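Just so you know, these numbers come straight off a predicted model, no measurement behind them.
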Amino acid sequence: VYCDLPDEGATFKGSDTICTLESVKAVGEVYAPADCEVLAVNEKLSDQPSLVNSSPEADGWLVKVKLSGSVSGMMDRAAYEKHVEAESK
């Protein structure tokens, strides 16, 4: 696994590719949820990119962003979990 992360201070428009995650078989893109600025980048991923898979909500976070665009239409955690459950049926 390899993580191509942006620089702190980088800005993105909603739906822009913020970073890419590469494995042996595939490349995945991570998109900006809205207009945003990157406040922090997880430097641990340079040496331990597998954290993205083993600890995605703790040590494997990618970036921390400050949203500056419209967030209408974004889901909170409960709505997202409900959406994922409905999609899995």
- Message: Using modelled atom types and a 3.5 Å cut-off, is there a donor and acceptor pairing between side-chain atoms of D16 and backbone atoms of K13?
- Response: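 Side chain of D16 to backbone of K13, a donor-acceptor pair under 3.5 Å: yes, one is there.
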
With a 3.5 Å cut-off and sequence neighbours excluded, list the donor-acceptor pairs that the side chains of residues 60-75 form with protein atoms.
{"residue": "S68", "atom": "OG", "partner": "D35", "partner atom": "O", "Å": "3.3"}
{"residue": "S70", "atom": "OG", "partner": "S72", "partner atom": "N", "Å": "3.4"}
{"residue": "S70", "atom": "OG", "partner": "S72", "partner atom": "OG", "Å": "3.1"}

Closest approach of [X] to [Y] (non-hydrogen atoms, all atoms of both residues):
X   : Y   : result
N42 : L5  : O-CD1, 3.7 Å
A32 : F12 : CB-CB, 4.1 Å
E8  : V41 : OE2-N, 3.7 Å

- Task: Evaluate the criterion side chain to side chain contact (heavy atoms under 4.5 Å, CB included) for residue pair V52 and L21; output intermediate values, then yes/no.
- Result: CA-CA 9 Å; V52 171; L21 305 174; 4.1 Å; yes

Run the side-chain donor-acceptor check on residues 79-89: report pairs under 3.5 Å with partners two or more places apart or on a different chain.
{"residue": "E81", "atom": "OE2", "partner": "R77", "partner atom": "NE", "Å": "3.0"}
{"residue": "S88", "atom": "OG", "partner": "E85", "partner atom": "O", "Å": "2.8"}

- Stepwise, does the side chain to side chain contact (heavy atoms under 4.5 Å, CB included) test hold for I18 with C36? CA-CA 10 Å; I18 291 182; C36 61; 4.2 Å; yes

- Query: Roughly how far, to the nearest 0.5 Å, is CG of D59 from CG of L51?
  - Reply: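 So the gap between those two atoms works out to 5.5 Å.
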
